[in-house]
Amino acid sequence: MLRDPHAETSSTSTADAFLSGLREIVGPQGVVTEAADLERYERDWRGNFPGRARAVVRPSTTGQVAAVVRLCAAERVPVVPQGGNTGLAGGSSPDESGREVVLSLTRMNRVRSVSLEDHAMIVEAGCILQNVQEEAARHNRLFPLSLAAEGSATIGGNLASNAGGEQVLRYGNARDLTLGLEVVLPDGRIWNGLSPLRKDNTGYDLKHLFIGSEGTLGVITAASLKLFPLPRQQATAWLGLDTPQQAIDVLVLLRETLGDCVTSFELIGSKTLEQVLAHIVNTRAPLTEATPWSVLVEVSEAARDAQLAERFEAALGDAFERGLVRDVMIAQSSEQAHALWHIRDHVPEAQRRDGPSIKHDLSVPISQIPRFIEETGAALEAAFPGIRLITFGHVGDGNLHYNQSKPAGQSDADFRAQIERVHEIVHEQVAKMSGSISAEHGIGRLKQDALMHYKDPVALDLMTRVKRAFDPDTLFNPGRMLPADKK
Ligand SMILES: Cc1cc2nc3c(=O)[nH]c(=O)nc-3n(C[C@H](O)[C@H](O)[C@H](O)COP(=O)(O)OP(=O)(O)OC[C@H]3O[C@@H](n4cnc5c(N)ncnc54)[C@H](O)[C@@H]3O)c2cc1C
């Protein structure tokens, strides 16, 4: 069939008019359309979902975000909100249609206020997490959200994915750290919920709908965040253990002895440690003798006279005497502590360099972790002899990153052919233990099938109704979290 030249001209000029409209709102520098410049916005961190954007638009004020959203709504153009693009569920990059506009928040990076008396700060969504932590510290306060991608991830992305990370045990996840939000809705209206209040029972707490909504209900443009006293003392240790049960027993002992001081408690399997030592420069084994399991534990305290180091050492001595740990290395300097965290923080990178891997970010009740590791490991080894179990995670939160790397000698293609069966074995075990198939990375496009399979049908129905109420035309992140046809 011949193309109608008029139709082409008119659709091209409509497209041009749309892009001109975007440029009018954000200025010419705020719209990216060149292929070479688009690439970093179009690929997700893991490279699993390469896509094509109609344009990337980079507003610098809330008013500009609202105007962009109104224009997209008028033209029925789908919008993909994006922060640092470090998300691991395929929710932040465009699909392959070339229709979607990526709305990047990275130019909205101002700290609007810090209040020492309220123990709160208001920041724009595009602020890099590490910059927020540093700004809080300059004011002698702690913003405790902390994760390995903090040098690139933004607060908006952290909240939209309800990020967890390494200090949830003590301070909670992104949801627990948020006092209020400013959000642009799919129809372009602005909801100003930037409250510093800690108590407000005037109806539904709307901020919680947007936190963890993965950009499907609104664009977060700013947040009011909780701050805490800055810790004055900190101690870090690496423990060598024989079993995951010992890790749980040590955690119970430390919490009973030191209370809320226990800030991080990270479990690391021996194969996970081997991968880091093999692939990451400037790393070496913290203990002289290898053990099947390790724990990286950190305690911290804001009070000056708490003698934390002495209490920590005594508690670990107690754990040793009770036979709960085989070996202990207590960091003697901040450099040594940093070296231990360097190992933990480079686990994802080491796995990426090692080759293809199958990933699960799951949670089960803390008490069930040893059983989960034993039973699931046995089932996987029986089905796929030689498969390498790369286990690590925030065990104090019941959250395991339970990943698999291919056996030595297996081809990438043969390993990839097993993905679905591996997921099935792991997710069935999670379901049996009343756990979650996504503890902190979210659903995006990666886990949508599993969500539809394992989530309670009543909960799915309510989620679908919420989506429909906020975004009746399915323009915000369509096909992420909920399938596009389930609007
Ligand atoms: C090495 C590494 C380690 C990680 N460790 C952890 C960890 O320990 N714990 C953890 O929870 N996560 C972790 N992550 C995942 C990721 O860093 C977090 O999910 C982070 O919070 C995402 O922030 P971002 O700004 O990069 O968001 P993006 O990747 O840009 O977006 C994530 C999701 O949020 C949406 N979104 C982004 N900004 C907005 C906004 N302003 N308004 C509305 N929706 C928005 C996107 O559409 C997408 O669905 C890790 C990632 C990497 C690469």
Side-chain angles (χ1 to χ4, degrees), residues 40-41 43-47 49 56 59 62 65 69 78-95 100-109 123-132 145-168 173-175 177 181-186 209-223 264 266 344-352 359 361 363 392-394 397 399-401 438-448 470-471 476-481:
R40 70 192 181 96
Y41 300 95
R43 277 178 68 85
D44 62 304
W45 193 80
R46 282 188 180 146
F49 297 96
V56 173
T62 303
V65 174
V69 167
V79 173
V80 178
Q82 189 183 90
N85 200 14
T86 67
L88 298 176
S92 54
S93 53
D95 67 14
E100 297 180 337
V101 160
V102 172
L103 201 165
S104 166
L105 278 297
T106 50
R107 280 174 81 202
M108 288 199 60
N109 57 8
V123 302
E124 292 184 344
C127 287
I128 302 286
L129 173 57
Q130 192 175 332
N131 296 346
V132 173
L145 189 67
S146 173
L147 40 93
E150 64 198 20
S152 313
T154 62
I155 278 293
N158 298 149
L159 297 183
S161 55
N162 187 26
E166 289 150 358
Q167 305 202 64
V168 174
N173 51 21
R175 186 182 298 287
L177 300 173
L181 292 180
E182 178 186 85
V183 179
V184 172
L185 302 170
L209 277 176
F210 296 103
I211 299 171
S213 68
E214 300 182 36
T216 61
L217 300 181
V219 181
I220 297 168
T221 47
S264 304
E266 302 285 310
R344 168 61 186 85
D345 285 343
H346 282 79
V347 170
E349 184 56 31
Q351 209 173 1
R352 183 153 83 156
K359 301 197 185 250
D361 157 42
S363 62
F392 62 103
H394 319 292
D397 316 325
N399 175 193
L400 286 181
H401 299 303
S438 180
E440 55 177 19
H441 296 162
I443 301 298
R445 285 175 281 176
L446 187 70
K447 293 195 181 147
Q448 202 174 72
F470 279 76
D471 184 16
F476 272 20
N477 254 353
R480 281 72 166 184
M481 188 186 288

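Keep in mind it's a predicted model, so treat the numbers as computed, not measured. Just follow the structure's listing: the first ligand is 1, and inside any ligand the first atom is 1.
Nearest non-hydrogen protein atom to atom 27 (O) of ligand 1 is G157 CA, 3.4 Å. The single protein non-hydrogen atom nearest to atom 19 (O) of ligand 1 is S161 OG, 3.2 Å, given as residue, atom name and distance. When hydrogens are left out, the protein atom nearest atom 3 (C) of ligand 1 is A148 CB, 3.7 Å; that is the closest non-hydrogen contact. The shortest contact between atom 15 (C) of ligand 1 and any protein heavy atom is with T86 O, 3.7 Å. Summary of contacts: the protein heavy atom closest to atom 14 (N) of ligand 1 is L88 CD1, 4.0 Å. The protein heavy atom nearest to atom 31 (O) of ligand 1 is S92 CB, 3.4 Å. Of all protein heavy atoms, the one lying nearest to atom 46 (C) of ligand 1 is P81 O, 3.1 Å. Looking only at protein heavy atoms, the nearest one to atom 35 (C) of ligand 1 is A160 CB, 3.7 Å.
In terms of heavy atoms, N173 sits closest to V168 at N-CG1, 3.9 Å. Between A125 and T154, the shortest heavy-atom distance links the atoms O-CB, 3.4 Å. P186 and F470 make their closest contact through CG-O, 3.3 Å (heavy atoms, listed as atom of the first residue, atom of the second, distance). Closest heavy-atom contact between N158 and A174: O-CB, 3.8 Å. Shown here for A223 and L159, the closest heavy-atom pair between the two residues is CB-CD1, 3.4 Å. Shortest non-hydrogen contact noted between Q167 and S264 is CG-OG, 4.0 Å.
At least one donor-acceptor pair under 3.5 Å links the side chain of D44 to the backbone N or O of F49. Side-chain atoms of R175 never come within 3.5 Å of backbone atoms of G212 as a donor-acceptor pair (strictly under, hydrogens ignored).
Between L147 and ligand 1, no pair of N/O atoms sits closer than 3.5 Å. Considering both main-chain and side-chain atoms, G84 comes within under 3.5 Å of ligand 1 through a nitrogen or oxygen pair. The N/O atoms of Q82, backbone and side chain alike, include none that comes under 3.5 Å of an N/O atom in ligand 1. Between T154 and ligand 1, a contact under 3.5 Å exists for at least one N or O pair.
Within a 4.0 Å radius of atom 33 (C) of ligand 1, the protein contributes no non-hydrogen atoms.
When each atom of ligand 1 is checked for a heavy atom of V219 under 4.0 Å away, the hits are 42 (N), 43 (C). In summary, the atoms of ligand 1 found under 4.0 Å from a heavy atom of N158, numbered by their order in the structure, are 20 (C), 21 (O), 23 (O). Against a heavy-atom cut-off of under 4.0 Å, G218 is close to the following atoms of ligand 1: 43 (C). When each atom of ligand 1 is checked for a heavy atom of A163 under 4.0 Å away, the hits are 11 (O), 21 (O). Shown in contact with G215 at under 4.0 Å from a heavy atom are these atoms of ligand 1, numbered in order with element: 43 (C), 44 (N). Close approach of ligand 1 to W45 (heavy-atom distance below 4.0 Å) involves ligand atoms 53 (C). Of all atoms in ligand 1, listed by their number and element, those nearer than 4.0 Å to a heavy atom of G87 are 26 (O), 29 (O).
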Intermediate values then yes/no, side chain to side chain contact (heavy atoms under 4.5 Å, CB included), I220 and I155: CA-CA 9 Å; I220 297 168; I155 278 293; over 6 Å; no
From CA spacing to verdict: side chain to side chain contact (heavy atoms under 4.5 Å, CB included), N399, D361: CA-CA 7 Å; N399 175 193; D361 157 42; 3.1 Å; yes
Steps toward salt bridge (Lys or Arg N to Asp or Glu O under 4.0 Å) verdict (R344, E266): CA-CA 8 Å; R344 168 61 186 85; E266 302 285 310; 2.7 Å; yes
Verdict with reasoning, Q82 to S92, per side chain to side chain donor-acceptor pair (under 3.5 Å): CA-CA 5 Å; Q82 189 183 90; S92 54; 4.8 Å; no
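Aromatic ring pairs are classed by plane angle as parallel below 30°, tilted from 30° to 60° and perpendicular above 60°; the pair H401 and F392 is tilted.
Proximity of H394 to ligand 1, defined as any heavy-atom pair under 4.0 Å, is confined to the side chain (atoms from C-beta onward). Only the side chain of L105 comes within 4.0 Å of ligand 1, judged by heavy-atom distances. Residue contacts with ligand 1 for E349 are absent, since no atom lies close enough (heavy atoms, distance under 4.0 Å). Contact annotation for L159 and ligand 1: no heavy atom of the residue comes within less than 4.0 Å of the ligand.
Looking at G212, A149, S152 and measuring to atom 52 (C) of ligand 1, the nearest heavy atom belongs to A149.
Within the 4.0 Å heavy-atom shell around ligand 1 one finds G165. Not a single heavy atom of R480 sits closer than 4.0 Å to an atom of ligand 1.
Exactly one residue among E100, R445, R480, R40 makes a side chain to side chain donor-acceptor pair (under 3.5 Å) with S93. That residue is R445.
The number of heavy-atom neighbours closer than 6.0 Å to CZ of R43, taken from other residues, nucleotides and ligands shown, is 12 or below.
Inspection of the T216 and N477 side chains reveals no N or O donor paired with an N or O acceptor under 3.5 Å.
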